[in-house]
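Since the structure comes first, as structure tokens, the remarks are kept for the end.
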Amino acid sequence: MAKIRHDDRGSLLAPLKALGFFTRAPVTETLAPRPASLNYRGFHVNDWSQCIGCGTCQRICDNAAITMVTIPSLPQDPARGIRNQRPAIDYGRCCWCGLCVDICPSGSIALTREYIHICRESELDSYFVLPDPNGIHGQPFPAGWAKSEVSELIDPARQPMKELPAPTRIQGFDEIVQGYEPQQAIDEAARCVQCGLCHEACPTHMHAPEYIRAIWRGDAEEAVRQIYRTNPFAHVCGRVCTHRCEQACSIGNRGEPLAIRWLKRHAMDSVPDERVRELVTQDSVAAPSGRRVAIVGSGPAGLTAAFDLARHGHAVTVYEALARPGGMPRYGIPAYRLPDDRLDADIAVIEAQGVEIRCNTPIGAELTMETLRQQYDAVVLAIGLQLGRSTRIPGSGHRDVHTAVELLRRIREGEALAPPKRVVIIGGGNVAMDIARSLARLQMRRHGAIDITVCALEDFDHFPADPTELKEAREEGVRVLASRGPKEIVIDADGGLGGLKTLGVTSVFDEQGRFAPRYNHEDEQLHEAAWVVEAIGQISDISILGDSLSERLEWDRGRLRVDENGRTAEPWLWSAGDMVRGPDVVHAVADGHRVAASIHQALQQHTEAGS
Amino acid sequence: MRPENYQARAHPPSHEYELNFGPNHPGIEGNYALRVRLHGDRVVAARAEGGYLHRGFEKLMEGRLWIQNIALVPRICVPDPSPMEVCYALSVEALCGIEVPPRAQWIRVMQLEMSRIAAHLFTFGGHAATTGLYTNMFWGVADRDRVLDRFEELTGGRVYSIFNLPGGVRRDLPDGFLERLSGLLDYLESRLEDYDELFFRNRVFVRRARGVGVMSQQQALEWGVTGPNLRATGLAFDVRRDDPYLVYDQLDFDIVTEEAGDALARNLVRRGELRQSIRILRQVIERLPAIDGPVRAPIPNPLAWRVPAGETYTRIESSKGELAYYVVSTGGEKPYRVHVRGPSSMHAVQVLERLVVGSRLEDIAQIMFSLDACPPEVDR
Amino acid sequence: MSRAMNPWLEELQRDIEIRGERRVRIEIASESLPALLELLRGRAGFAHLSAISCVDWIEDGEFELVYHLWSYELGMLVSAHTRIARDPGVYLSVYDLYQPAAFFERDIHEMFGLYFEGSPDMEPFILTEWHGPPPMRKDFDTEAYVENSFQWEEYQPDWLQELQEQGGGIARRPGEIR
């Protein structure tokens, strides 16, 4: 195109060209609504069935335009990470940047291809909108700007955890998980959007958003402080917690949830044990109350209660029947998942609060519950579930039929257990995996080869054990069979154990959802083995209570009945942990807190009434 | 009045009078004002008054997360928002050491040139209106809207595209976008002659613009003039070529200059630049399809993002001249300081105040439009 | 070159940092800055003052001034950094060297309260109707000012009233998480 010279005088006639435009068709735009472009950032729509109420949209909103609103008719399910809150948008503040869409962990928000909202001054309330799938004007409008892989703002992938490879770990009981490098921990913590769903899902309501933030800032001591606000089993839970938080994590909706448990582990491992003790003890200076509490059982429930009560100034004595404190984490969880010294570190912090632990001191014949009642102002029964259940199938009384908890305890006590070359395990839960993998290690040591078969009732889609447990067990050479129900133990002519016969399972629960397995009797298999291990559940040894106390207490299908604070029918007796709640470490911790709070309250009331 | 407050000098001589030109005047760009002193219709002195569009962006940015500022920056210059986004993104990338994928760099150049075209069309329209040529004003605005249609399609927003994240751009191109962009360029090229005949070679305009608001190259340099206004005094300087960023060093384009340094020369430079931008976009359309790969480099979760401590002075060539961001991070989650150096902070204040002196009242608007001063960018 | 100049030059050399092909960073004492600018302008062709940036380092009790200079001939950008005491906050204008300084110095005076002696115009430009402290100072809290000066819009749409009747309603306002 030619250059116009600066000294060009211009033309008077050329502009008349514009007259020619009168002959052209006019360009018109109708006022009727039409959809904008495919990517347009119009008004919000929110798929309520997908939205989890995490409020991340509110957090990213640069204009403070989003208010979270509670909608009582929507489901509220902390365990699944669902809140009954939904975002409402103030269009007086929104700038339509769409960052809420790009960050939304569930992908439920989108913006429509709608251009206009107009109202009179009297209708200003119409600027505050609770978007649902129908959007601002209550009618479906095509969605424009929506979540895409390109616009995803949060890394969906976890930081990989360094772990011992199967061939190495099968050689012994060394801890498998090696922990995060400092930078890895920061990068993993950086994925957190601080929605707090984990906090709500956690039985003991750990302050995970706070400690994750502290880890991200590189402040491990602050993380430890935050962890200890709710959980004295910090190392234990950093390693073997059932991590309900991760099931609730909002990031898990589209990617891998944050490795909250590993972050906790990282924080605990980055602060020296002595420093942890200092940090925790710093802010606990309650004056002695003169009250005494006895706790029976030194597992997570008992020691958590002891920790709290000691910090309230009460004199706490814990009675432990076995040689060392710790309960199930000590005697039920294999060392490759939880090394002893980490449990010792947790317990040392608890003891540093002034808790006295008496080991090798069973309650029963010599020291009775009645004695405790007389000597203490309150007693907590937290003995856990230490006896394995039996399948009671024919042959289950044979000497080579064992229960998993008993074997696990014997391994942890240091007994040189000598498993035969072939073992069958009945059960599909985490305990079954624990014993299978422990025995596999012992077989490897003794025979140089592994032959372990796990027979679970459930199919793989409904498998009770953690997916990681199952995966790791298989990596280590354990054979896992799903949908196999035990029929009988086969005993040889010479009285030796020949193996286990199983039947194919067609269904586990009946129409009412009750446990009632059904079998296909045509599908019978024999699994040859010299040992059969039952890992189908545990019960409490309640014989320690004595007959008269047992009679005075209330029972619910074999389980001690307590109120929501853990109080039994006897005013001096509380109970906590697995024996009343079922097996789970973090529930036991939560229960310990609950019981301690209840006892503390009762003791205070007692003091006030007495003085 | 108390005697001690009496200031004789504050009163203009009796043959002079003061006039408030703006802030609400059709001949002023945006909300901006000039207080002018006149002798008859001849300007004796002028004083620029800003602040009508001050939103405190620099301060606001200190209170927001690094990513949240992407929604603020385009508002600093409404008619030419893309350079604001890109310059901010480049600054953060410089601080973090983020490599922007090539495809994203080409898409950014595409936006910058689209935005330049839209801005120049707007300025032609505005300038034409100050000389009474309203057809051109409507054309400029209407044709800019066709560019905005493509922005809407690409970025999801017509004016505030909010499309450039640190790390790249938020989306890849929609299907068939480059064909439609090519169609837009065809259309614009078909209009160039119309613009020439109705505006650039319109004797009404030429006579009004020639010799008005003249500055020499030396004055321009002393006054800190940049961009088309500087090039209209004969200095061939363009940040895109002389301090290149993105992929401008891989593109062919000419630097348009004029010698006269008046309102006409400035417009002729913009006229030429419109053509150069079309030329650049043609190259983008040709080469972009072959540039594969992602449109974004990964950035951390924006809610947990610390930018390494440091500072950067990043500058680019906007439609109005040299645009620069001075960004300081102390390693925190928010910027410690963001200073926006818009080209109009020179053009709309010192340069305008000087150029209108000696001109006639009716030329003030023309001079301001010929400088393409952008008040929101001055006020920030 | 005279001996007396040497320490100054040596120090200057130490504080020059080449930061890329066309970027140089210089850290310099405030009393030497005008001389440096004069040298850069007069001897090296740094004719264009691109900007003066001010940073409030409140914890150090200092303002940092950064002079961004471009040489059209060398194709190089020099950023000269200097620090001056926040209190009393007075510095010298460089208007006699660079006329664009007038705008930047006026702006910094208005936004940070830093006074430039010899600058042609220290009158307010943007904040003519503002009577508070210079707002870009770090100790001015914009959000607190806004909270005190303006009110959040209190909407009461029908849907909200219905939710409130059901026992729901506003759970968390945006102000609560910022």
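Sequence lines set the chain letters: A, B, ... in the order given, protein chains first and strands last, and positions in each chain run from 1. Computed from a predicted model, the values in this text were never measured in an experiment.
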Less than 4.5 Å to any heavy atom of chain B: does that hold for the side chain of A/Leu153, its backbone, both, or neither?
both

Find the distance between CG (B/Leu303) and SG (A/Cys195) and round it off to the nearest 0.5 Å.
10.5 Å

Run the side chain to side chain contact (heavy atoms under 4.5 Å, CB included) check on B/Asp262 and A/His6 step by step: do they pass?
CA-CA 10 Å; B/Asp262 59 4; A/His6 187 266; 2.8 Å; yes

Please classify the contact of A/Arg59 with chain B as side chain, backbone, both or neither, using a heavy-atom distance under 4.5 Å.
both

For chain A, the option from B/Glu153, B/Glu152, B/Arg207, B/Glu259 that forms the most heavy-atom pairs under 4.5 Å:
B/Glu152

Taking C-beta and beyond as the side chain, do A/Ile103 and B/Asn301 meet within less than 4.5 Å on heavy atoms?
yes

Counting only heavy atoms closer than 4.5 Å, note whether B/Asp194 contacts chain A via side chain, backbone, both or neither.
both

Structural part of B/Trp139 lying under 4.5 Å from a heavy atom of chain A
side chain

Honestly, the part of B/Arg296 sitting under 4.5 Å from a heavy atom of chain A is side chain

Could you grab the distance from atom CG of B/Asp196 to atom OG of A/Ser11, nearest 0.5 Å is fine?
11.5 Å

What one should report as the nearest heavy-atom pair of A/Tyr115 and B/Arg158 is OH-NH1, 4.3 Å

Measure the CZ-CD1 distance between B/Phe199 and A/Ile4 for me, rounded to the nearest 0.5 Å.
10.0 Å

A/Gln194, part contacting chain B, at a heavy-atom distance under 4.5 Å:
neither

Heavy-atom contact with chain A under 4.5 Å, split by part of B/Arg306:
both

Any idea which of A/Ala189, A/Ser151, A/Cys192 has the most non-hydrogen atom pairs under 4.5 angstrom with chain B?
A/Ser151

Specify the closest pair of heavy atoms between A/Cys95 and B/Ile162, including all atoms of both residues, with the distance to one decimal.
O-CD1, 4.2 Å

Need one label for A/Ile186: side chain, backbone, both or neither, based on atoms under 4.5 Å from any heavy atom in chain B.
side chain

Would you please test A/Arg217 and B/Glu333 for salt bridge (charged side-chain N to carboxylate O under 4.0 Å, His left out) and show each step?
CA-CA 11 Å; A/Arg217 292 211 170 95; B/Glu333 294 163 57; 3.5 Å; yes

How are the rings of B/Phe163 and A/Trp145 set to each other: parallel, tilted or perpendicular (split at 30° and 60°)?
perpendicular

For residues A/Ile60 and B/Gln68, report the shortest heavy-atom separation together with the two atoms involved.
O-NE2, 2.8 Å

Where does A/Asp155 contact chain B at under 4.5 Å (heavy atoms): side chain, backbone, both or neither?
neither

Looking only at B/Gly168, B/Ser161, B/Ala142, B/Pro298, the option with the highest number of non-hydrogen pairs under 4.5 Å against chain A is B/Ser161

Interface check, chain A: of B/Thr155, B/Leu133, B/Leu60, most non-hydrogen pairs under 4.5 Å belong to B/Thr155

Would you name the heavy atoms of A/Val150 and B/Asp172 that are closest together and state the gap between them?
CG1-N, 4.4 Å

Contact class of A/Leu16 relative to chain B, heavy atoms under 4.5 angstrom
neither

CD/A/Gln183: more than 12 non-hydrogen atoms of other groups inside 6.0 Å:
yes

Most heavy-atom pairs under 4.5 angstrom with chain A, which of B/Thr135, B/Ile67, B/Val204, B/Leu65?
B/Ile67

Is A/Asp187 in contact with chain B via its backbone, its side chain, both, or neither, using a 4.5 Å heavy-atom distance?
neither

If you apply the rule side chain to side chain contact (heavy atoms under 4.5 Å, CB included), what do you find for A/Leu99 with B/Arg170, and how did you get there?
CA-CA 10 Å; A/Leu99 282 175; B/Arg170 288 171 83 180; 4.1 Å; yes

Within the 4.5 Å heavy-atom criterion, are B/Arg201 and A/Arg9 side-chain neighbours or not?
no

Which atoms of B/Glu258 are under 4.5 Å from chain A, going by heavy atoms: the side chain, the backbone, both sets, or neither?
side chain

Under 4.5 Å from any heavy atom of chain A, what part of B/Arg171 do you find: side chain, backbone, both or neither?
both

If you count the non-hydrogen atoms of other residues, nucleotides and ligands that lie under 6.0 Å from CG in B/Asp175, is the total more than 12?
no

To check you understand the geometry: which heavy-atom pair defines the closest contact between B/Val206 and A/Gly10, and what is its length?
CG2-CA, 4.2 Å

Indicate yes or no for a side-chain donor-acceptor contact from B/Arg64 to the backbone of A/Asp62 under 3.5 Å, with no hydrogens or angles considered.
yes

Side chain from CB out, backbone as N, CA, C, O: work out which of these in B/Phe205 comes under 4.5 Å of a heavy atom of chain A, or both, or neither.
neither

Which of the residues B/Ala260, B/Pro74, B/Pro294, B/Pro302 is involved in the greatest number of heavy-atom pairs with chain A at under 4.5 angstrom?
B/Pro302

Of all heavy-atom pairs linking A/Ala14 and B/Leu198, the shortest is O-CD1, 4.4 Å

